[in-house]
Amino acid sequence: MLTADPVATRPGFAISAVSCRSDHTRWSAPEVRADYRVVLVRRGRFRRTAGGAPADIDTALGYVGVPGEEESFAHPAGGDTCTSISVAPHLWRSLAGDVAEPTAQTLYTDPKLDLAHRRLLAAGRSEDIDYALAEELVGLLSTAIGRTVAGRTLVGDAAAERDRSLVAAAREAIAEADPAAGTLFGLAESLGVSPYRLSRAFPRHLGVSVTHYRHRVRIGQALDRLEAGETSISTLAAELGYADQAHLTRTVRQHLGHTPTALRRLLSPEPGLRR
């Protein structure tokens with residue numbers, strides 16, 4: 001029996017936690033998918049064949065699938081649990097460049113990629129799907145593409161001056177609450193670059209991730225509102241684009257060590273309300 005629980009879904013990608021409880025040595029009926037896929041194993045192992053080439057997939061060896069590819073599976077060792085990342089062709093090409101098709105079907109999961117996998121799942125448990133998870137995703141995908149796609153990719157090919165201008169444009173969009181800046185992918189598309197390039201440009205020029213920078217801007221806006229006397233934390237969270245009041249509270253506490261309610265007291269002009 002196969003079950004797939006969604007971790008995160010957005011236009012361009014879908015991440016699922018897939019559990020299989022099958023226990024058989026025979027190959028399954030062939031199936032064809034229309035997406036690019038990166039599949040990493042969390043527990044267990046199984047076999048996969050595509051293009052007549054069988055492979056043993058486990059926690060140290062994932063696989064990459066391509067649109068139109070015919071694949072079959074066998075589970076001689078019992079069940080397994082995997083993370084399946086479905087990637088739309090336009091997103092895949094934005095990271096892989098002109099040579100989009102992988103030349104290798106399997107993907108060695110070294111400790112760094114294993115950690116990236118775990119960080120992706122951790123980000124999936126947060127409410128910040130459109131930035132925190134998106135940044136982890138493009139980092140993981142760039143690693144997978146770099147190891148399986150032959151030829152030059154888009155990773156690291158932007159000139160420093162162009163990236164500086166890119167960061168400036170992204171900062172303005174975030175500060176002005178441009179609707180396109182609501183998600184990392186939307187912001188990158190509006191600026192005409194890949195999400196990976198935008199994600200990597202920020203640390204090079206500012207020393208922080210685009211997610212961290214966006215939090216900085218929104219927390220500053222929250223402090224301005226609290227200082228001006230905002231009394232509804234839930235309204236503040238909604239208007240600043242947080243998932244809910246709890247998400248805003250956790251984020252502010254993580255960055256400042258205080259909840260918004262405590263900060264409101266600290267920023268109050270009335271001495272009796274300060275502590």
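- Cluster membership check: Ile174 shares its hydrophobic cluster with Tyr196, using side-chain heavy-atom separations under 4.5 Å among Ile, Leu, Val, Met, Phe, Trp and Tyr.
- Electrostatic pairing of Arg147 and Asp110 counts as a salt bridge here, judged by a charged N lying under 4.0 Å from a carboxylate O.
- Ile145 and Phe13 fall within the same hydrophobic cluster, defined by Ile, Leu, Val, Met, Phe, Trp and Tyr side-chain heavy atoms under 4.5 Å apart, directly or through other members.
- Within 6.0 Å of the CD atom in Glu172, the count of heavy atoms belonging to other residues, nucleotides or ligands does not exceed 12.
- In this structure, the separation between CZ on Arg216 and CD on Gln221 is 9.5 Å, given to the nearest 0.5 Å.
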Original post:
Run the side-chain contact (heavy atoms from CB on, under 4.5 Å) check on Ile15 and Leu133 step by step: do they pass?
Top reply: CA-CA 10 Å; Ile15 305 172; Leu133 180 138; 3.8 Å; yes

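- For Asp224, there are no side chain to side chain donor-acceptor pair (under 3.5 Å) partners, not counting sequence neighbours.
- To the nearest 0.5 Å, atoms CZ (Phe185) and OG (Ser199) are separated by 9.5 Å.
- Classification of Glu71 and Arg37 as a salt-bridged pair holds, one side-chain N sitting under 4.0 Å from a carboxylate O.
- Judged as a ring-ring contact (aromatic ring centres under 6.0 Å, His included), and not counting sequence neighbours, the contacts of Tyr213 are Phe202.
- Side chains of His75 and Asp80: a donor on one and an acceptor on the other come within 3.5 Å.
- Taking a cutoff of 4.0 Å between a charged side-chain nitrogen and a carboxylate oxygen, Asp56 and Arg45 do not qualify as a salt bridge.
- Considering Thr143, Thr109, Thr83 as possible partners of His117, the one that fulfils the side-chain hydrogen bond (donor to acceptor under 3.5 Å, both in side chains) test is Thr83.
- Think of Val18 as one node in a network of Ile, Leu, Val, Met, Phe, Trp and Tyr side chains linked at under 4.5 Å; its network also takes in Leu2.
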